[in-house]
Structure formats: structure tokens, C-alpha cells
Asks: 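Input: one structure, supplied below.
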Amino acid sequence: MYVGCLISDIKQIKTNQRSMKKLFLLDGMALIYRAHFALSKTPRFTSGGLNTSAVMGFTNTLLEVLRKEKPSHMAVVFDTEAPTERHTEFADYKGHREAMPEDLSKALPYIFKVVLGFNIPVITSDGFEADDIIGTLAKKAEQKGYQVYCMTPDKDFAQLVSDNIFIYKPARMGNDMEILGVKEVLAKWEIERVEQVIDILGLWGDAVDNIPGIPGIGEKTAKSLIKTYGSMENIIAHSHELKGKQRENVEAFAEQGLLSKRLATINLNAPVELDEAGLEMCDPNRELLEPLFAELEFRTLGRRVFGDGSSITEIKNVSIQHDLFSSPQSQEGTTTMTVDVTDIYEEPAGPLQNISNTEHQYHLADTFEKRAELIKLLSAQKSICFDTETTGTDANQCDLVGLSFSIKKGQAWYVPVPKNCDEIQPIVDEFKELFENPAIGKIGQNIKFDMLVLKYYNVTIQGELFDTMLAHYIIDPDTRHGMDVLAENYLGYSPVSITELIGAKGKNQGTMRDVEIEKIKDYAAEDADITLQLKEIFEPKLEQVGGTVLATDIENPLVYVLADIEFEGVRIDHDTLKEFSKELETEIGKLEKTVYEKAGVRFNIASPKQLGEVLFEKLKLDEKAKKTKTGQYQTGEDVLLALANKSDIVRDILDFRQMQKLKSTYVDALPLMVNPKTGRVHTSYNQAVAATGRLSSNNPNLQNIPIRTERGREVRKAFIPRNEDHVIMSADYSQIELRIIAEISKDANMMEAFVQGVDIHTATAAKVYGKTLDEVDGTMRRNAKAVNFGIIYGQSAFGLSQNLNIPRKEAADIIEQYFAQYPGIKNYMNDTMHFARQNGYVQTLMGRRRYLRDINSANQTVRGYAERNAINAPIQGSAADMIKIAMINIHREFKAHKFDSRMTMQVHDELVFDVHKSEIEMVKPIILDNMRNAIKTVVPIVVEIGMGNNWLEAH
DNA sequence: GTAAACACGC
DNA sequence: GACGTACGTGTTTACA
């Protein structure tokens with residue numbers, strides 16, 4: 001009845017004030033499938049077919065667009081029948097896509113117009129693909145001066161992008177919406193012209209689902225072929241230039257490829273007119289809709305339609321929030337960030353520059369005289385920018401190829417070194433004094449690498465550092481920090497690509513050493529030049545984001561510490577590992593046998609696919625076993641544990657998995673990582689990947705060596721001191737993250753627990769369950785511990801219930817109690833969230849910022865992700881700051897004392913040292929003091945320290 | 001070569 | 001009432 005009323009009464013209010021005509025074209029089916037797919041990934045929503053949730057998902061996306069982008073014109077296009085005429089050319093395609101359900105085609109305009117009060121035309125595409133209709137409309141609108149945004153899967157659509165046509169990608173998990181223009185499309189596809197997208201799609205055969213292109217040509221190959229030949233037709237014409245199987249395939253399947261291309265091409269002559277007046281948007285009729293929504297209790301919908309300022313919002317959400325982090329939605333009403341996070345980027349004007357169209361002077365310093373002149377010039381500088389070229393990316397095993405330097409924009413030098421190893425050293429020696437001069441600052445991109453390379457040539461870099469990679473990591477930790485990306489984003493410059501010199505990645509990749517000197521000169525000199533230019537840009541930006549201190553006092557000095565740790569390496573006990581490997585091998589063999597017997601069939605236990613089939617189809621352990629999104633049975637640890645009581649085969653399988661993992665990832669892999677030059681394992685720490693400020697470790701990853709299980713822990717026995725005069729010393733922060741929460745939040749109860757020195761999880765359990773410390777049992781402590789961790793890692797009630805294997809309700813109750821007992825923490829969370837909404841970022845104790853672009857997103861999922869980060873980043877980040885400061889100070893004191901002892905590993909909250917026995921008593925207080933006092937806190941910081949003949953004993 | 005599933009640490 | 005649940009590294013299998 002109300003609805004009937006509305007239809008007749010809504011008077012569309014046209015808004016004419018909009019200056020730019022903005023047309024949004026939506027592929028309705030694609031969006032609905034997108035929403036549907038998102039749901040079907042979750043096991044709970046496996047019921048097939050389109051359902052109301054999918055349609056709701058679609059509506060939400062639509063509303064987000066309306067609110068954010070405020071289009072002046074809009075249309076939704078649906079395929080009514082598929083396969084279309086064009087697709088019947090290919091038999092396989094038949095029946096692939098479902099037609100739009102008829103009721104949906106009627107429901108949508110109804111939803112738009114009546115329920116939401118917008119007039120959004122729905123266009124059906126009889127006999128044509130929705131893409132064709134959208135494409136045709138887009139072109140026509142572009143000619144009339146519209147800015148056109150196409151919301152479609154971007155793959156096919158990229159070909160259409162021009163100066164006024166964009167691809168609009170709605171928000172997804174972890175990402176807010178995204179707009180792709182010409183620049184982004186070119187970059188993404190690595191091509192010169194957007195039209196070439198269809199050539200790539202044609203070759204690759206990914207144009208339309210299930211339409212094959214040319215066999216054996218994947219995305220990458222397609223791109224590189226297009227880069228060389230420009231178009232598919234050209235490739236076919238020049239197929240004789242190709243080799244082997246590729247040539248055969250191109251020749252044999254040329255026709256199929258062309259067909260694929262034709263199908264990928266968007267038909268711009270669809271019979272559809274651009275009815276400008278008909279597509280014009282109106283605002284929802286507020287006066288009519290608002291009372292209606294209020295009466296029908298469409299609160300959420302109302303909020304979405306009218307924005308946060310709606311009076312409907314004033315009906316306060318009184319339900320208790322059971323999730324750790326979801327705050328009542330937009331409680332504070334519309335918030336605007338005072339800082340526009342997009343400010344940290346500068347949009348470079350015009351097309352990308354490159355080496356061929358910029359002025360530059362790159363010199364080759366390949367004689368003793370030229371080098372001497374260069375060194376004289378460099379030595380007179382306050383700081384120099386440099387870069388090394390090497391034969392590989394592992395600093396511990398590669399050889400130097402050349403050095404490049406820059407001190408002024410557009411000017412750089414390249415110093416090649418001979419191929420013969422013995423002849424390299426004297427040339428490096430010429431530069432030794434320069435590098436080791438502490439009065440000359442060193443600028444570079446990822447200096448740790450260059451530092452390590454040079455260490456092997458007996459050069460110890462000194463002086464203040466400015467690392468452009470780290471600078472950008474501080475400025476904007478969530479994005480990428482590669483030099484090429486930075487150059488494009490900040491300088492509008494596209495550097496010579498390394499693949500141009502040494503070929504694409506893979507076994508056929510050449511090395512720098514084989515490239516002609518002239519080419520390396522340009523490449524290398526350009527790197528130094530760009531790095532210097534980036535430094536000029538980043539220096540003021542650091543200041544702007546309050547990151548100067550973080551850069552000069554923490555990140556840059558830490559480079560020295562990490563380089564030393566990596567150079568030092570860790571000694572591994574081969575015999576222990578070999579023995580352990582054998583032991584595991586026999587155990588695994590035994591387990592295999594029992595599993596085969598119990599299952600009555602031989603299969604690959606390590607294959608989740610086969611295992612799932614055996615467990616659930618043959619043995620039928622669980623009738624309604626969960627499946628993954630690809631249709632396999634889930635066989636993860638928690639799933640198997642739930643089955644443990646049904647058959648003891650499950651226990652064996654879990655044991656098998658554990659041992660297999662131990663053997664392949666650690667026991668057998670570690671000895672292979674030993675550097676033949678040094679006989680030790682040299683991990684590499686990445687200082688710029690984890691957005692929270694933590695380090696990460698790889699080649700090998702020393703930060704995930706087992707400790708939880710008895711057997712896994714054995715691996716740590718193999719980490720030994722360098723000789724019998726040394727011991728391993730390990731120092732760990734106890735509960736550092738929780739102490740930091742207590743410190744930041746100043747929660748009285750939690751601070752008290754730490755001051756008293758009681759076990760924090762027991763204390764928490766006592767509080768949450770209202771018991772005394774003595775009454776807390778194992779389960780209570782375990783639950784409390786899980787909540788404490790949940791806080792640190794940004795978990796929800798759902799995550800907690802999963803972790804503890806308890807009902808959601810129970811998890812929610814525990815969390816509620818937790819917040820009642822630690823009100824300071826609840827306040828901290830609210831304050832942090834508020835700060836993030838206002839400012840667009842959060843920060844650590846040392847001012848390390850994390851920008852949260854999506855904190856005010858209308859999309860729940862996206863915003864939730866940002867909110868969890870808002871809580872989590874200051875905590876993890878402050879802990880990271882703390883240990884980094886400790887590392888720098890300890891390293892400095894070790895140097896000052898000229899100790900023989902070395903720091904050898906960092907595992908987030910633990911530092912490991914190789915200590916000379918005579919120095920134990922001197923080293924210990926230095927480690928303890930510096931770790932405890934890295935950052936001044938009220939909450940006591942506790943460090944536990946241990947020693948032993950291996951890493952396990954040191955705990 | 002790449003994606004998916006899994007498992008390890010914090 | 002919807003939506004998806006920490007991150008980073010590395011292994012294996014499966015598939016094209």
C-alpha cells in the first residue's frame with residue numbers, strides 16, 4: 001500500500017547544478033554474479049543460484065556508487081539471453097551463461113525506482129552482450145562530452161578506456177573502489193595502446209569464459225608477444241620468426257586465436273540510442289521516503305540512501321556489539337577527514353617520461369683517470385647517491401658488475417668493473433675511502449643490499465643513510481616501494497626495465513655481466529639519478545607525515561644492524577638435521593603404511609584433493625563435509641581434528657602432515673640454504689613489506705621455525721654457535737603487545753596486572769570469569785589468552801569462536817565481559833577509531849603512521865578491514881618500533897666494546913645472539929637494559945633471557 | 001609457471 | 001541483517 005502511494009507521489013527532483021556530466025554504466029549480471037560469488041566462497045552460503053543476499057550485495061554496491069560518485073546519469077544493462085548470436089560461433093560456449101531470471105529483470109527497476117526512489121533505467125540487451133550495449137553507449141556519451149565510468153569486469157573492457165572513459169571497480173575485500181584510466185590500463189597490461197588489450201585476450205584465450213585462444217600462450221607470453229609485434233595479425237604474419245612449439249601453435253591455431261579476438265572485441269554498433277534525458281539521475285525523494293523508511297524500520301537502508309545525516313539514524317543502535325572491533329556504524333555521523341590521504345601522492349601531469357625524452361648526462365667512468373676524477377668530485381659532496389649492479393639478487397652470493405653515482409638531477413656516472421673476479425677488488429678499493437667516509441651521507445634505494453655486496457669486497461659503508469625505499473615505507477607503508485613504481489608515481493618517469501637488459505624471469509634469464517656496457521650504463525646511471533630525485537621528493541614528505549625522526553633515528557640506522565646480522569649469518573648443525581631427517585623419514589613411512597591399511601587404498605596423503613576424496617567419499621567420515629570454493633573437500637587441521645573421534649586414521653594423517661612439513665620446509669631445506677662461501681645460513685630481512693612496521697625474513701624464513709610442538713622444536717637444536725667458545729643467547733620480550741596496549745590505553749586493571757607481575761592470561765581469566773587467581777582453570781586461561789590474542793591480531797567474535805571451538809554466543813559473552821573488566825581498552829579502541837576517522841591514519845608510539853583510506857568507506861567489509869587495522873597497527877607497530885630501537889642500541893654498544901659477540905636473528909619479539917663465553921656477563925646487561933628501555937613506558941617491560949649450546953636450549 | 005590448500009611463526 | 005573474518009613465507013599438488 002505504501003509502495004503504491006509512492007509510485008504515484010514521488011516527484012523526481014532533478015539536480016541541475018552538477019557541472020560535469022558523469023555517466024555510470026553498470027553490467028548488471030556481472031555485478032550480481034560478483035555478489036553471488038563472494039557469498040558462495042563462504043561455506044555457509046553454498047546453496048546455489050541467485051538469492052536475495054546476492055541482490056542485496058548488488059544494491060549495496062550501487063548505493064555506494066551513488067553516494068560516493070554522485071553520477072549525473074546512470075544505467076544498468078542486463079543480458080537477457082545468452083549465448084548471443086556471436087557466441088554460437090563457438091559450440092563449447094553454448095549454455096555456459098545463464099540468462100537473467102525474468103523476475104529479476106522486473107524486480108530491479110522496481111527496487112531502484114520505488115524502494116530507493118532513484119530513477120535508474122534498466123536496459124536489456126536483446127541479442128547483444130551487455131558489454132556491447134555499454135560500449136556503444138560509452139562511446140556515444142564520450143562524444144557528447146560525458147565522463148563515462150563503466151562498472152564491468154575490467155579484463156574485457158580495458159580496450160574501451162580513453163581520455164573520458166574509465167573502468168570503475170567496486171570495493172572488494174581489503175580494497176576500496178578503484179578507477180582505472182588510460183594510464184592504469186597501460187601499466188597493468190604493459191602495453192602501448194589500450195586497443196592491444198584485445199590482442200592479448202585473443203592470444204591468451206581468456207576473452208570470454210571458456211573460449212580458447214592459442215594453446216600454450218598464457219597471459220605473460222601474450223603480453224611479451226604483443227610488445228614485440230604490436231598486434232595478433234602481425235604475430236601470425238611473422239610466425240616464422242617464432243620457435244619450436246610456440247611457432248607450431250601459432251600457425252595451427254591462428255584462426256582460433258582470431259576468433260577469440262573477435263569475440264573479445266566489444267561491438268560498438270549495438271542498436272541502442274543514448275537517451276540523455278532518460279538516463280538522468282534524480283535524488284531520492286527525501287520527504288516521502290524518510291517517513292516511510294522510518295515506519296517500515298528500514299533504518300540501514302535509509303542511512304545508505306540518504307547518507308549518515310539521516311534523521312533515521314537517530315534511532316540509536318542499542319544492541320550490544322559483540323564483535324571486538326565493529327563499532328556502531330558511523331555513530332558520529334558524517335565525518336570528514338581533515339587530512340586528505342590522497343595528498344601524499346602527486347599526480348604527475350602528462351604521459352610518462354622515459355630515458356629517450358628527458359635531458360640527461362650519463363657518463364661512463366671506465367679508466368683509472370676518469371674514476372679518479374669522479375672520486376674527487378664525489379668526495380667533495382655532503383652526500384652521494386649510489387647504486388650497485390650485480391650478477392644476481394642474493395647479496396651473499398653475487399658478484400659486482402658496476403657502480404653508479406649521482407649528485408645532481410639528470411647527471412650520473414657508471415663505473416664498470418672487469419669480469420674477472422681478481423680484477424674487481426682493486427677498482428672497488430679505489431672507492432673504499434669514499435664509501436667509508438662517515439662525513440659523506442649515502443643515498444640509495446634498498447641500501448642494505450648494496451651494503452652487503454660491498455662488504456664482500458671489504459668495504460664497510462659509513463655515514464648517514466637515506467634509503468628511498470624506507471622513506472616511502474614510512475610515508476605510505478601499505479603500498480609498494482619498488483623503484484620503478486616510485487619513479488612512475490612521483491616523477492612521472494618510466495625507467496629502463498631490467499627485463500629489457502637481461503630478459504624475463506625464468507631459467508633463460510641472462511645476467512648483468514653479459515649486457516653491453518653502453519646499455520648498463522644507461523640503466524645503472526638512471527637508477528642512481530632517479531633515486532636521488534626521489535630523495536628530494538621524499539625528504540619534505542617525510543617531514544609532512546611526521547616521519548623524519550623515524551627515518552633518521554630508526555629505519556635508516558637499522559639498515560646497518562640488519563646488514564651485519566645478515567652478513568654474520570647463523571651456523572647450522574648438519575648432523576643433527578641429517579639424523580632428524582632420517583628419523584622423520586622412517587616415521588613418515590610407517591604412518592603412510594598405516595594410513596593405507598586403514599583407508600584400504602594407496603593414495604597421495606599430501607594431496608588435499610585425494611585425501612578429501614578418501615576421507616569423505618570412501619570412508620564417509622562426515623556426510624556433510626565442508627567444501628572449499630573450488631569444490632574440494634576441506635582437510636585443514638581444524639576440520640580433521642573435529643573428525644578425530646570417528647577414526648584414528650585422522651590422527652595418523654595429522655601426524656603425517658606435521659612431519660612432512662617439518663621435513664620439507666625445515667629439516668631438509670635448511671642445509672640447502674647454507675652459503676657455500678661462508679658455510680652459514682644468511683637470511684634476508686625485509687624492512688619494508690609488513691605494513692605494521694615489523695620485519696619479515698626470507699631465504700630462509702627464520703621467523704617461523706617451529707616451537708609449538710615437542711617434535712617441531714627439535715629443529716631449533718640445529719641452530720648452533722659459531723664454535724665451542726660461543727653460546728647462543730636468546731632474549732625475548734614477554735607479552736610485549738599486551739604491555740603496549742596497557743601502556744597506550746592506560747587501562748587501570750591491565751596495568752595493575754603487569755605491575756603486580758602476575759600472569760596476564762590468568763589475570764584476565766580471573767577478571768572475565770569473576771574468580772580469584774587460584775580458581776582459574778586451564779580452559780579459562782586458554783579462553784582469556786585467546787581473547788588477548790584476538791585483540792592483538794584484530795579478530796572478531798567469529799574468529800574467537802573458531803579458535804576456541806566454542807559457540808559464537810559464548811565467544812561474544814567472553815568478549816563482553818572482557819571489555820567490562822578492561823574499560824580502558826574499550827575506550828582506547830573507540831578513541832583510536834575516532835582518531836582514524838578524523839585524520840585518516842593511526843600511529844605508533846614513535847609516530848609511525850598507517851594510512852587507512854577506507855576507514856570511512858560505506859562498504860562494511862572494506863571499512864571493517866580498515867577498522868581492524870586501526871586498532872592493530874599502533875600495537876604491533878609500537879612493539880616493532882621498540883625492538884628496532886633496542887637492536888640499534890645493542891648493536892652500537894657491541895661495536896663500541898669491540899665485542900666478539902654478534903646479534904644473529906630477530907623474530908618479532910626475540911633477539912638471538914652468538915656470544916663469546918668470555919663476554920657473557922658483559923653482554924647480558926647491555927641486552928637487557930637496551931631492550932627494556934628502548935621506549936620509556938610506565939608499564940614494566942619484562943625481558944626473558946636464556947643461554948645454551950643451541951637455540952632450543954637458549955629458550 | 002601459477003593457483004590453491006595447508007602450515008609454521010608472531 | 002549483511003559480510004567476512006591477522007600477516008608473511010614457504011611447501012606441495014594439480015593443472016595448463
Side-chain angles (χ1 to χ4, degrees), chain A residues 35 38-39 41-42 44-45 52-54 56-57 59-60 172-174 205 212 215-221 297-301 304 319 323-326 329 504-507 604-612 628-640 654 657-658 660-666 668-669 683-684 686 689-692 694-709 712 715 732-733 736-737 789-803 859-865 868-869 871-873 876 879-880 906-910:
Chain A
L39 293 175
K41 275 200 298 192
T42 333
R44 281 187 294 144
F45 291 108
T52 43
S53 309
M56 269 317 285
T59 315
N60 283 339
R172 300 176 314 283
M173 177 60 197
I217 298 189
E219 185 179 358
K220 288 207 165 165
T221 325
E297 300 189 335
F298 282 180
R299 281 189 288 274
T300 310
L301 191 61
R304 286 186 186 151
S319 68
D323 273 8
L324 285 177
F325 301 113
S326 67
Q329 269 179 27
K505 262 193 199 155
K507 56 182 175 187
N604 186 349
I605 311 173
S607 158
K609 197 178 166 196
Q610 294 184 30
L611 177 64
T628 64
K629 64 183 175 192
T630 50
Q632 273 187 43
Y633 292 103
Q634 284 185 358
T635 61
E637 192 185 355
D638 49 337
V639 178
L640 293 192
L654 285 169
R657 279 229 179 117
Q658 196 202 6
Q660 181 95 347
K661 166 87 180 173
L662 275 178
K663 188 166 181 298
S664 63
T665 312
Y666 305 104
D668 290 349
T683 187
S684 172
N686 198 330
V689 281
T692 50
R694 277 186 171 185
L695 298 177
S696 78
S697 148
N698 63 11
N699 291 314
N701 183 352
L702 293 186
Q703 293 181 323
N704 72 344
I705 304 299
I707 190 161
R708 228 182 50 207
T709 63
V715 177
D732 312 33
Y733 279 114
I736 187 64
E737 270 108 349
F789 274 100
I791 303 271
I792 296 169
Y793 294 131
Q795 229 180 13
S796 58
F798 177 84
L800 184 67
S801 67
Q802 289 278 303
N803 257 347
N859 183 302
Q860 166 98 26
T861 312
V862 172
R863 191 184 59 246
Y865 182 81
R868 286 196 296 278
N869 280 335
I871 302 299
N872 181 241
Q876 269 200 38
Q906 191 257 35
V907 190
H908 306 309
D909 63 358
E910 175 187 6

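When reading the values below, keep in mind they use all heavy atoms of this one structure, side chains included, and skip hydrogens, waters and symmetry mates. Every chain is numbered from 1 and lettered A, B, ... according to where its sequence line falls, protein lines coming before strand lines.
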Asks: Tell me the interatomic distance from A:I605, atom CD1, to B:dC6, atom C1', rounded to whole angstroms.
Replies: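 Value for this atom pair: 15 Å.
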Asks: Should B:dA3 form a Watson-Crick or G-U wobble pair with both distances under 3.5 Å, which nucleotide is its partner?
Replies: C:dT13
Asks: Any side-chain N or O of A:K609 under 4.0 Å from OP1/OP2 of C:dT12?
Replies: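 False: A:K609 side-chain N/O out of range (4.0 Å or more) of C:dT12 OP1/OP2.
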Asks: Between C:dG4 and B:dG9, how far apart are the two C1' atoms, rounded to whole Å?
Replies: 24 Å
Asks: Specify the separation, in whole Å, of atom CG of A:L702 and atom P of C:dG8.
Replies: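 Interatomic distance, CG of A:L702 to P of C:dG8: 18 Å.
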Asks: Would you say A:R657 reaches B:dA7's phosphate, i.e. side-chain N/O to OP1/OP2 under 4.0 Å?
Replies: yes
Asks: To the nearest 0.5 Å, how far apart are CG in A:D668 and CG in A:L662?
Replies: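 Result: 10.5 Å between the selected atoms.
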Asks: Need one value for A:T692: base, sugar-phosphate or nothing, where a base atom within 4.0 Å counts as base even if backbone is also close, heavy atoms only.
Replies: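 Nothing: the residue A:T692, judged by heavy atoms under 4.0 Å, touches no strand.
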Asks: So, is A:Y666 close to the C:dT9 phosphate, meaning a side-chain N or O under 4.0 Å from OP1 or OP2?
Replies: no
Asks: Under 4.0 angstrom, heavy atoms only, what part of the nucleic acid is A:L662 near: base, sugar-phosphate, or nothing?
Replies: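 Since no nucleic acid heavy atom lies under 4.0 Å of A:L662, the category is nothing.
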Asks: For the pair A:Y733 (side chain) and A:H908 (backbone), establish whether a donor and an acceptor sit closer than 3.5 Å, ignoring hydrogens and angles.
Replies: no
Asks: Quantified in whole Å, what is the P atom distance between nucleotide B:dA4 and nucleotide C:dT5?
Replies: 15 Å
Asks: Work out which heavy atom in A:N604 is nearest to a heavy atom in A:Q610; give both atom names and the distance.
Replies: N-OE1, 2.9 Å
Asks: Check whether any side-chain N or O of A:N604 sits under 4.0 Å from OP1 or OP2 of C:dT13, and answer yes or no.
Replies: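 Indeed, a polar side-chain atom of A:N604 lies that close.
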Asks: Within the structure shown, what part of the strands sits under 4.0 Å from A:N699 by heavy-atom distance: base, sugar-phosphate, or nothing?
Replies: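 It contacts sugar-phosphate atoms only.
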Asks: Output yes when a side-chain donor or acceptor of A:T683 lies under 3.5 Å from a complementary backbone atom of A:P700, and no otherwise.
Replies: yes
Asks: Is a side-chain N or O of A:Q703 found less than 3.5 angstrom from the main chain of A:Q906, in a donor-acceptor match?
Replies: yes
Asks: Within the pair A:S696 and C:dC7, is there a side-chain N or O less than 4.0 Å away from OP1 or OP2?
Replies: no
Asks: So, is A:T635 close to the B:dC6 phosphate, meaning a side-chain N or O under 4.0 Å from OP1 or OP2?
Replies: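 True: A:T635 side-chain N/O within range (under 4.0 Å) of B:dC6 OP1/OP2.
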Asks: Partner lookup for C:dC3, please. Criteria are Watson-Crick or G-U wobble with both distances under 3.5 angstrom; report none if nothing qualifies.
Replies: none
Asks: Looking at C:dA6, B:dC8, C:dG10, which one has an atom nearest to any side-chain atom of A:Q658?
Replies: B:dC8
Asks: Identify which nucleotide among C:dC7, C:dG10, B:dC10 has an atom closest to any side-chain atom of A:D909, counting heavy atoms from C-beta outward.
Replies: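 Shortest atom-to-atom distance from the side chain points to B:dC10.
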Asks: Looking for any heavy atom pair under 4.0 Å, which part of the strands does A:E637 touch: base, sugar-phosphate only, or nothing?
Replies: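 The residue A:E637 makes sugar-phosphate contact but no base contact.
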Asks: Expressed in angstrom and rounded to an integer, what is the separation of A:Y633 atom OH from C:dA14 atom P?
Replies: 16 Å
Asks: Grab the CG-C1' distance between A:L695 and C:dC7 for me, whole Å please.
Replies: 14 Å
Asks: When the distance from CD1 of A:I792 to C1' of C:dA6 is rounded to whole Å, what number comes out?
Replies: 11 Å
Asks: Can you tell me which nucleotide in C:dG8, B:dG9, C:dG10 comes closest to the side chain of A:P706?
Replies: B:dG9
Asks: Which whole-number value in Å describes the distance from A:I736 CD1 to B:dG9 P?
Replies: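 In whole Å, B:dG9 P and A:I736 CD1 are 21 Å from each other.
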Asks: Nearest 0.5 Å, please: how far is CG in A:L611 from OG1 in A:T635?
Replies: 5.0 Å
Asks: In whole Å, I'd like the distance from the CG atom of A:N704 to the P atom of B:dG9.
Replies: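 A:N704 atom CG is separated from B:dG9 atom P by 8 Å.
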Asks: Please determine, for the side chain of A:Y865, which listed nucleotide (C:dG8, C:dC7, B:dG9) has the closest atom?
Replies: C:dC7
Asks: Hey, is the side chain of A:R694 poking within less than 4.0 Å of OP1 or OP2 on C:dC7, counting only N and O atoms?
Replies: no
Asks: Heavy atoms from C-beta onward define the side chain here; which of C:dT12, B:dC6, B:dC8 lies closest to that of A:K661?
Replies: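 Selected nucleotide (nearest to the side chain): B:dC8.
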Asks: Contact class for A:Q610 (heavy atom, under 4.0 Å): base, sugar-phosphate, or nothing?
Replies: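 Sugar-phosphate, backbone atoms only, no base.
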Asks: State the CG-OH distance between A:L702 and A:Y666, to the nearest 0.5 angstrom.
Replies: 10.5 Å
Asks: Between C:dT11 atom C1' and A:L611 atom CG, what is the distance in whole Å?
Replies: 16 Å
